[in-house]
Amino acid sequence: VPKAKGKSRRHKYSYNLNRKRLYRSARRRAAPRIACSHIRHAWDPHKSVAQNLAEMGLAEDPNKAVPIPKKLLGMEVESDGQQPGKKIVRKPYVVNEMELEASLPEKKSNTLSRDLIDYVRYMIQNHGENYKEMARDEKNYYQDTPKQIKRKINVYKNFYPEEYKNFIASLKPEKMEVQ
């Protein structure tokens with residue numbers, strides 16, 4: 001198969017292209033990528049990072065904001081009781097909103113997929129506690145080993161303990177009717 005004609009040709013260097021201008025436009029000064037929406041809304045692109053954070057009452061360098069006391073380093077130093085250079089916070093609402101957001105309880109977002117729940121319930125319903133039989137079941141599409149199936153059932157037990165108890169309780173009357 002012959003090669004495409006344009007591919008093997010040497011590319012010519014364009015002397016007329018101003019690469020400095022291209023590089024400079026790509027590097028334009030922009031606000032840093034900020035994940036927190038409170039900071040993003042209060043950010044002033046005409047000021048430096050240090051100035052913006054100082055106005056919000058946030059620290060640019062955590063090592064300078066909370067210095068290690070001299071007592072911990074082994075040196076006893078007497079202080080005058082004056083705190084060095086208190087900064088004026090012009091945007092205190094940013095810190096207040098962040099503290100409020102941090103104090104909210106965390107939502108439990110981890111759940112199991114509907115397929116896994118159905119799989120576990122099917123296996124328990126048909127095979128009870130016999131994991132070797134579960135591994136040979138035709139619905140075991142992923143060819144899980146008995147230990148893997150047991151682990152999946154334990155995950156289901158830990159995620160939904162109440163639902164698992166109710167499910168097991170509903171299975172017991174069915175077993176008695178069969179006998």
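Note that this is a predicted model, so its numbers are computed, not measured.
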(request) With rounding to the nearest 0.5 Å, note down the distance linking CE in Met123 to CG in Asn140. (result) 4.5 Å
(message) Do Asp115 and Tyr141 pair up side chain to side chain, a donor and an acceptor below 3.5 Å, judged on atom types alone?
(response) no
(message) According to side-chain hydrogen bond (donor to acceptor under 3.5 Å, both in side chains), who are the partners of Asn154, at least two apart in sequence or on a separate chain?
(response) none
(request) Enter the distance from Asn130:CG to Asp137:CG here, rounded to the nearest 0.5 Å. (result) 11.0 Å
(message) Rounded to the nearest 0.5 Å, what separates atom CG in Leu53 from atom CH2 in Trp43?
(response) 5.0 Å
(request) List for me each residue that meets side-chain contact (heavy atoms from CB on, under 4.5 Å) alongside Lys12, sequence neighbours excluded, and say none if there are none. (result) none
(message) Val155 vs Val120, test: side-chain contact (heavy atoms from CB on, under 4.5 Å). Steps then yes/no.
(response) CA-CA 10 Å; Val155 166; Val120 167; over 6 Å; no
(request) Report the residues that fulfil salt bridge (charged side-chain N to carboxylate O under 4.0 Å, His left out) with Arg40, sequence neighbours left out, ordered by chain and then residue number. (result) none
(request) Would you name the heavy atoms of Lys152 and Tyr119 that are closest together and state the gap between them? (result) CD-CE2, 4.1 Å
(message) On a heavy-atom basis, which atom in Glu60 and which in Ala50 lie closest, and how many Å separate them?
(response) OE1-CB, 3.3 Å
(request) Only counting residues at least two apart or in another chain, list the ones meeting side-chain hydrogen bond (donor to acceptor under 3.5 Å, both in side chains) with Asn52. (result) none
(message) With rounding to the nearest 0.5 angstrom, report the OG1 to NZ distance, Thr145 to Lys132.
(response) 12.0 Å
(message) What's the separation between atom CE in Met134 and atom CD in Gln148, rounded to the nearest 0.5 Å?
(response) 13.5 Å
(request) May I ask whether Leu171 and Ile117 are part of the same hydrophobic cluster, defined by side-chain heavy atoms of I, L, V, M, F, W, Y residues being less than 4.5 angstrom apart, directly or through others? (result) yes
Considering only distance and modelled atom types, tabulate donor-acceptor pairs under 3.5 Å from the side chains of residues 92-99, sequence neighbours left out.
residue: Asn96; atom: ND2; partner: Pro92; partner atom: O; Å: 3.3
residue: Glu97; atom: OE1; partner: His38; partner atom: ND1; Å: 3.0

(request) With rounding to the nearest 0.5 Å, note down the distance linking NZ in Lys91 to CD in Glu55. (result) 5.0 Å
(request) Could you tell me whether the side chain of Lys150 and the main chain of Tyr131 form a donor-acceptor pair under 3.5 Å? (result) no
(request) Check whether Ile153 and Ile168 end up in the same hydrophobic cluster, where Ile, Leu, Val, Met, Phe, Trp and Tyr are linked by side-chain heavy atoms less than 4.5 Å apart. (result) yes
Show the atom names and distances, to 0.1 Å, of all donor-acceptor pairs under 3.5 Å that link a side chain in residues 160-167 to residues at least two apart or in another chain.
residue: Tyr160; atom: OH; partner: Leu112; partner atom: N; Å: 3.4
residue: Glu163; atom: OE2; partner: Tyr156; partner atom: OH; Å: 3.0
residue: Asn166; atom: ND2; partner: Glu162; partner atom: O; Å: 3.3

